[in-house]
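First the structure, in the form of structure tokens, and then the observations on it.
Note that the structure is predicted; figures quoted are calculated from it, not measured. Every number for a ligand or one of its atoms is a count from 1 in the order of the listing.
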Amino acid sequence: MTPWSPGSWRSKPAAHQPSYASEADLKRAVEQLASLPPLVTPWEVELLKGQLAEAAQGKRFLLQGGDCAEQFDDCTADTITNKLKILLQMSLILVHGSNQPVIRVGRFAGQYAKPRSAEFETRDATALPSYRGDLVNRKGFTAADRVPDPQLLLRAYERSALTLNFIRALVKGGFADLHHPEYWDLDFASHSPLADEYHARAQRVVESLQFMENIVGAGSGEVHWVDFFTSHEGLHLTYEEAQTRSGPLGWYNLSTHFPWIGMRTAAPDAAHVDYFRGIRNPIGVKIGPDMTPPVLAELLERLHPNDEPGRLTLIHRFGHTRIGECLPALIAAVRSTGKTVLWCCDPMHGNTRYTGDGIKTRHFDEILGELEQAFAIHQAHGSHLGGVHFELTGEDVTECLGGARNLNDSDLKRDYRSEVDPRLNYEQSLEMSLLIARMKRRQ
Ligand code: PEP
Ligand code: CO
């Protein structure tokens with residue numbers, strides 16, 4: 001293989017990269033970005049890698065979740081607190097349900113760049129370049145908004161830093177309210193046939209939190225037992241390269257703990273795989289229905305040559321109708337390499353559909369259906385599902401259908417906020433975690 005450097009990807013074809021009008025402006029922004037301090041440290045990155053290695057062995061479980069696309073406007077105290085709250089509550093339910101430690105990884109503090117299937121967006125006969133995330137251009141529908149702006153690279157870095165700063169403060173300050181039952185918004189549960197089970201489980205989680213506080217003799221605000229890690233799609237390679245720093249053991253992307261390669265940019269001989277092969281972070285790769293066993297084997301060769309524990313997570317997203325036909329051959333392909341990976345299921349991206357009114361949505365039951373199959377297929381093939389990956393929010397949005405309240409097409413119009421993909425709302429997310437805990441107990 002050719003020698004690697006943080007910029008060696010530039011000699012390969014790079015998909016989904018914006019083109020900027022002024023090279024000089026881009027260069028100035030990138031130089032500034034490269035001179036600013038990193039957002040995370042190599043030590044934290046290695047800590048996460050060690051935990052992911054344990055998840056690959058079935059000793060931990062990965063919970064990864066957050067927005068499809070973070071937006072600069074959402075960098076507020078409430079939104080960040082709610083994101084942390086839902087991830088933390090889901091994780092406690094999973095810990096309790098499965099008796100296993102859970103690794104909490106947010107799709108946050110940097111999830112600002114999106115691959116788009118269409119170059120252009122058309123409204124009322126006007127076609128403009130697509131919105132590519134707040135890192136690249138602006139969501140407003142004017143020609144000026146859609147011009148890629150290098151200054152946004154700096155704004156995204158700053159928003160990531162502000163988000164992470166607040167997350168670190170919240171974690172350190174503790175979630176003092178967590179042990180109060182009223183902090184758990186369980187109103188939705190009464191609409192479910194599983195209402196009693198939901199209430200009982202949440203009650204037991206609250207009791208164990210109280211128990212823990214009693215034995216350590218401190219408020220949960222003083223117990224520093226919660227880790228959160230960050231992740232985002234490493235799509236915009238100029239941005240990622242600018243935050244790639246050399247540490248004692250090699251090169252790290254220090255804009256995030258856990259970057260992943262999206263499904264559309266995972267070609268083995270292209271730029272993204274080249275960039276990712278040289279960094280020491282644990283990395284994810286999204287794999288969809290078009291992935292073939294030989295290509296997957298080649299990806300492992302390039303990205304996971306030394307079978308380093310915790311290095312590679314495969315995040316599969318086939319859709320509930322396709323997973324049965326797609327996953328077994330890929331499990332076999334990984335097995336034939338003799339290497340260990342962490343398998344994680346993203347039950348969101350293969351289950352996107354449109355309502356009669358053209359609203360992009362996903363149904364709770366189809367998301368759940370893919371997850372149930374994922375657990376069963378891995379088990380049947382001597383493999384094991386070690387994590388889940390969701391698009392979710394701690395807010396009361398109406399973007400996905402179904403769940404205990406059974407949101408329908410007309411509900412979607414009430415509070416649909418996502419600019420890209422539909423997310424599970426607070427209640428749907430909490431319910432999903434109760435159902436996953438159930439599946440894990442059955443296993
Ligand atoms: C995403 O995670 O938002 C995404 C675009 O996923 P994928 O690459 O799996 O399509
Ligand atoms: Co998405």
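In summary, the atoms of ligand 1 found under 4.0 Å from a heavy atom of Glu391, numbered by their order in the structure, are 1 (C), 2 (O), 3 (O). Of all the atoms in ligand 1, the ones that sit under 4.0 Å from a non-hydrogen atom of Gly262 are 8 (O). Here is the list of ligand 1 atoms found below 4.0 Å of a heavy atom in Arg107: 1 (C), 2 (O), 3 (O). For ligand 1, the atoms lying closer than 4.0 Å to a non-hydrogen atom of Cys68 are 3 (O).
Checked by atom type, the side-chain pair Tyr426/Gln89 shows a donor-acceptor distance below 3.5 Å. Side-chain atoms of His349 and Glu391 include a donor-acceptor pair closer than 3.5 Å. Side-chain atoms of His389 and Gln64 form a donor-acceptor pair, as typed in the model, at a separation below 3.5 Å. Under the 3.5 Å distance criterion, with hydrogens and angles disregarded, no donor-acceptor pair is assigned to the side chains of Tyr275 and Ser8. With 3.5 Å as the limit, one finds a donor-acceptor pair spanning the side chains of Thr230 and Thr256.
Closest to the Co ion (ligand 2) among the N, O or S atoms of Glu391 is OE2. Considering just the N/O/S atoms of Asp421, the one nearest the Co ion (ligand 2) carries the name OD2.
Both tests hold for Lys85 against Tyr183: distance to the six-membered ring centre under 6.0 Å, angle to the ring axis within 45°. Judged by the 6.0 Å distance and 45° axis criteria, Arg123 is positioned over the aromatic ring of Phe141.
When the heavy-atom distances from atom 10 (O) of ligand 1 to Gln111, Arg264, His16, Glu233 are ranked, the shortest goes to Arg264. Relative to atom 9 (O) of ligand 1, the option among Arg317, His232, Met263 with the closest non-hydrogen atom is Arg317.
When rounded to 10 degrees, the angle formed at the Co ion (ligand 2) by SG (Cys68) and NE2 (His349) equals 170°.
Here's the thing with His349: one of its N/O atoms is less than 3.5 angstrom from an N/O atom of ligand 1. Residue Trp260 places no N or O, backbone or side chain, under 3.5 Å from any N or O of ligand 1.
Protein heavy atom in closest approach to atom 6 (O) of ligand 1: Lys286 NZ, 2.8 Å. The closest protein non-hydrogen atom to atom 3 (O) of ligand 1 is Lys114 NZ, 2.7 Å.
In this structure, Glu44 pairs ionically with Arg168, as a charged nitrogen and a carboxylate oxygen lie closer than 4.0 Å. Here Glu308 pairs with Arg280 in a salt bridge; the nearest charged N to carboxylate O distance falls below 4.0 Å.
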